[in-house]
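Everything on this sheet refers to the single structure shown next.
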Number of protein chains: 2
Amino acid sequence: MGLHADLREKLISDYAKLSPQMQKAARHILDHPNDVALRSMRSLARAADVPPSTVTRLMTAIGVDTWQQFRDHYQNRLLDLPASYANRARETQNVSQDVDRDQHLLESIARTEIDNIDKAFGAELRGRTIDACVAIENARQVFVVGRGAAYPAAYQFAYAYRLFRDNVVLVDGRSGAFGDQLRGINRRDVMIAIGARPYIRDTVRAVEYACSQHCPVIAICDSDVAPIALDAMIKLIVSDKSQSFFQSFTAAVSLVQAIVALLVARGGQKALERIASAEEQLAAFDTYVEDPSPTRNS
Amino acid sequence: MGLHADLREKLISDYAKLSPQMQKAARHILDHPNDVALRSMRSLARAADVPPSTVTRLMTAIGVDTWQQFRDHYQNRLLDLPASYANRARETQNVSQDVDRDQHLLESIARTEIDNIDKAFGAELRGRTIDACVAIENARQVFVVGRGAAYPAAYQFAYAYRLFRDNVVLVDGRSGAFGDQLRGINRRDVMIAIGARPYIRDTVRAVEYACSQHCPVIAICDSDVAPIALDAMIKLIVSDKSQSFFQSFTAAVSLVQAIVALLVARGGQKALERIASAEEQLAAFDTYVEDPSPTRNS
DNA sequence: AGAGAAGCAAAACAACTGTTTCAAAATATG
DNA sequence: CATATTTTGAAACAGTTGTTTTGCTTCTCT
């Protein structure tokens with residue numbers, strides 16, 4: 001069956017030997033194989049931010065005579081994919097039942113996750129999400145609280161938000177006690193509290209303290225009657241349904257990202273400039289490995 | 001939002017009213033739908049033995065403005081993307097822009113996120129996800145690396161995994177240098193590295209070190225040729241496409257959760273017992289507030 | 001029969017395709 | 001440092017794309 005070796009493999013194995021621009025092109029092809037099948041070479045080149053000639057050169061570099069050949073390969077791949085799906089199902093049945101069971105579990109997890117996100121961006125929540133943005137924009141200081149499984153979401157928000165604003169405190173209880181980090185919180189601030197059952201005491205206490213200081217709270221949680229939601233000004237209820245023993249904070253992470261995206265969109269040019277300068281700073285600190293190829297897909 | 005439900009249906013229902021030559025064209029399209037997606041209009045016309053103008057006329061006859069629209073529809077059908085996602089952007093372009101820009105942004109974020117997760121649980125990746133589980137099960141020690149925006153995913157995994165197994169190290173560079181945490185890593189261990197462009201130097205270095213010690217690597221990243229994927233044993237490619245400046249690690253978080261869920265499912269009774277005891281321990285530490293309102297969703 | 005309409009294909013069209021050429025820019029080599 | 005080599009993007013190219021126009025044929029109806 002090794003009539004023509006898999007072009008994708010070829011692309012990966014030769015990747016290191018390619019010139020930077022060709023790598024950029026190769027990378028885009030690897031990341032967006034369907035573009036090869038469906039779009040034109042020039043438009044793919046545009047999407048990869050590379051002149052058309054680079055793509056042609058890449059073809060000769062990997063030993064393909066013409067773009068047509070390359071495209072044909074990917075078109076066939078696309079047409080065969082549904083078939084191989086069925087084959088895989090048959091294979092897995094032969095191999096063992098366990099694998100089949102695992103596949104099904106993964107499938108059902110995917111469905112649940114998508115469902116959760118779908119709900120998180122439902123009509124009712126969209127309005128409240130915008131309200132939350134307004135509250136954050138007007139706040140003097142933004143405190144983010146999330147412990148345990150909710151910590152990733154809290155961290156995510158603080159990390160992204162800090163790229164264009166510096167008035168955020170991630171209350172992680174690591175650097176000093178809770179009390180230290182919440183010192184001075186007042187009605188002009190806002191607290192974003194993230195959590196789901198079982199509710200972690202620390203988070204609840206942080207919310208209670210914020211409320212006692214008349215600081216408005218945005219609660220991202222699993223229920224209108226969650227302890228952290230009871231006194232919240234804005235309640236963003238996300239589903240944490242999951243197939244496993246472990247609650248899923250995917251929707252919360254997603255929602256938190258969306259809030260940041262909204263804040264940036266509403267912040268306009270100024271926000272973008274701040275982000276640019278933050279990224280410059282990171283680059284100056286030698287944080288990233290050089291890989292200066294932006295993968296824009298139109 | 002109810003644009004023409006399905007062009008194929010339209011073609012069939014209008015078939016009788018078409019002129020003979022148009023019927024010939026329509027018939028070919030119905031019999032060879034993939035030709036629409038993959039070939040050019042003229043070449044399809046040749047295959048149908050019809051002049052190109054007939055195809056154009058057919059388009060107007062069934063109420064489609066341009067061949068491009070028609071082709072887009074069939075391309076998306078081929079990709080079996082749920083109806084109207086990213087590629088569909090052109091069709092859904094005619095929307096009121098200024099009234100509820102925020103609402104639309106949220107909607108489009110939701111679509112992208114769902115799309116990302118959908119891909120993360122696609123057919124190709126499911127197999128590799130199971131492979132990753134096997135590797136993790138057999139590992140002496142599991143090292144998880146993820147910096148910056150990828151940290152939430154790494155944390156998520158470590159946190160959930162620790163509930164039923166204690167052989168995980170979250171390499172966060174916080175407690176001591178990287179070197180300390182990776183000390184003793186060898187071929188019997190496994191490293192889970194999470195990252196996307198721009199690749200953070202620390203993560204890349206950690207992977208390089210792991211490889212130098214012959215420790216297999218499971219890379220969760222955005223490309224087959226990402227620096228952390230190049231030498232990885234298992235590559236789990238997740239899309240980090242996002243509407244904002246900020247890459248989305250939602251799919252990575254989701255995938256990581258799925259891996260844990262799978263590990264538990266495969267671990268059987270023993271894993272469940274460990275989780276139970278971990279939760280008891282947490283309860284004993286008074287971590288959670290007692291929650292008198294059992295909001296179980298059936 | 002012949003006026004009018006409808007169907008049709010060939011030609012014309014501008015825009016875009018994949019490829020090659022060539023000189024400048026970047027990089028390596030001495 | 002200058003030189004040789006590679007890498008790169010703009011321009012040029014012939015061919016193809018989707019669409020429109022044009023004029024010819026075929027059918028229909030009094």
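Numbers restart at 1 for each chain; the letters A, B, ... are given by sequence-line order, proteins then strands.
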Study note, to complete from the structure: Distance col, row B/Phe143:CZ vs B/Met191:CE, nearest 0.5 angstrom, shows 7.0 Å
Check your understanding: Below 4.5 Å, heavy atoms only, C-beta onward: do B/Asp65 and B/Met59 meet side chain to side chain?
Key -> no
Point to revise | Gap between atoms CG and P, on B/Asp49 and C/dA10 respectively (whole Å) | key: 11 Å
Practice item. Please work out if A/Pro20 contacts a base, only the sugar-phosphate, or nothing of the nucleic acid, heavy-atom cut-off 4.0 Å. Key: sugar-phosphate
Practice item. Measure the distance from CD on A/Gln68 to P on C/dG18 and round it to the nearest whole Å. Key: 8 Å
Practice item. Remember a base hit wins even if backbone is also touched, and classify A/Ser53 as base, sugar-phosphate or nothing at under 4.0 Å, heavy atoms. Key: base
**Study point:** Donor-acceptor side-chain pairing of A/Gln257 and B/Thr250 below 3.5 angstrom
**Key:** yes
**Study point:** Proximity to the side chain of A/Trp67 - top-ranked nucleotide from D/dT17, D/dG9, C/dG18
**Key:** C/dG18
Point to revise | Gap between atoms CZ and C1', on A/Arg42 and C/dT20 respectively (whole Å) | key: 12 Å
**Study point:** For atom CZ of B/Arg57 and atom P of C/dG7, their distance in whole Å
**Key:** 10 Å
Review point. Side-chain N or O of A/Ser43 less than 4.0 angstrom from OP1 or OP2 on C/dC16?
Key: no
Practice item. Measure the distance from CD on A/Gln69 to C1' on C/dT19 and round it to the nearest whole Å. Key: 14 Å
Exercise for review: Could you tell me whether the phosphate oxygens of C/dA9, OP1 or OP2, come under 4.0 Å of any side-chain nitrogen or oxygen in B/Thr54?
Suggested key: yes
Check your understanding: So, is B/Ser40 near the phosphate of D/dT16, with a side-chain N or O under 4.0 Å from OP1 or OP2?
Key -> no
Check your understanding: Mind checking whether B/Val207 and B/Val145 have side chains closer than 4.5 Å, heavy atoms only?
Key -> no
Check your understanding: Would one find a side-chain N or O of B/Gln21 under 4.0 angstrom from OP1 or OP2 of C/dA9?
Key -> yes
Exercise for review: Answer yes if the ring centres of A/Tyr155 and B/Tyr155 are under 6.0 angstrom apart, and no otherwise.
Suggested key: no
Check your understanding: To the nearest Å, how far apart are B/Met41 CE and D/dT19 C1'?
Key -> 8 Å
Exercise for review: Identify whether any heavy atom of A/Thr56 sits under 4.0 Å from a base atom; if not, whether one sits that close to sugar-phosphate; answer base, sugar-phosphate or nothing.
Suggested key: base
**Study point:** Interatomic distance, B/Leu58 CG vs C/dA6 C1' [rounded to whole Å]
**Key:** 17 Å
**Study point:** Distance, rounded to the nearest Å, where B/Lys24 contributes NZ and C/dG7 contributes P
**Key:** 16 Å
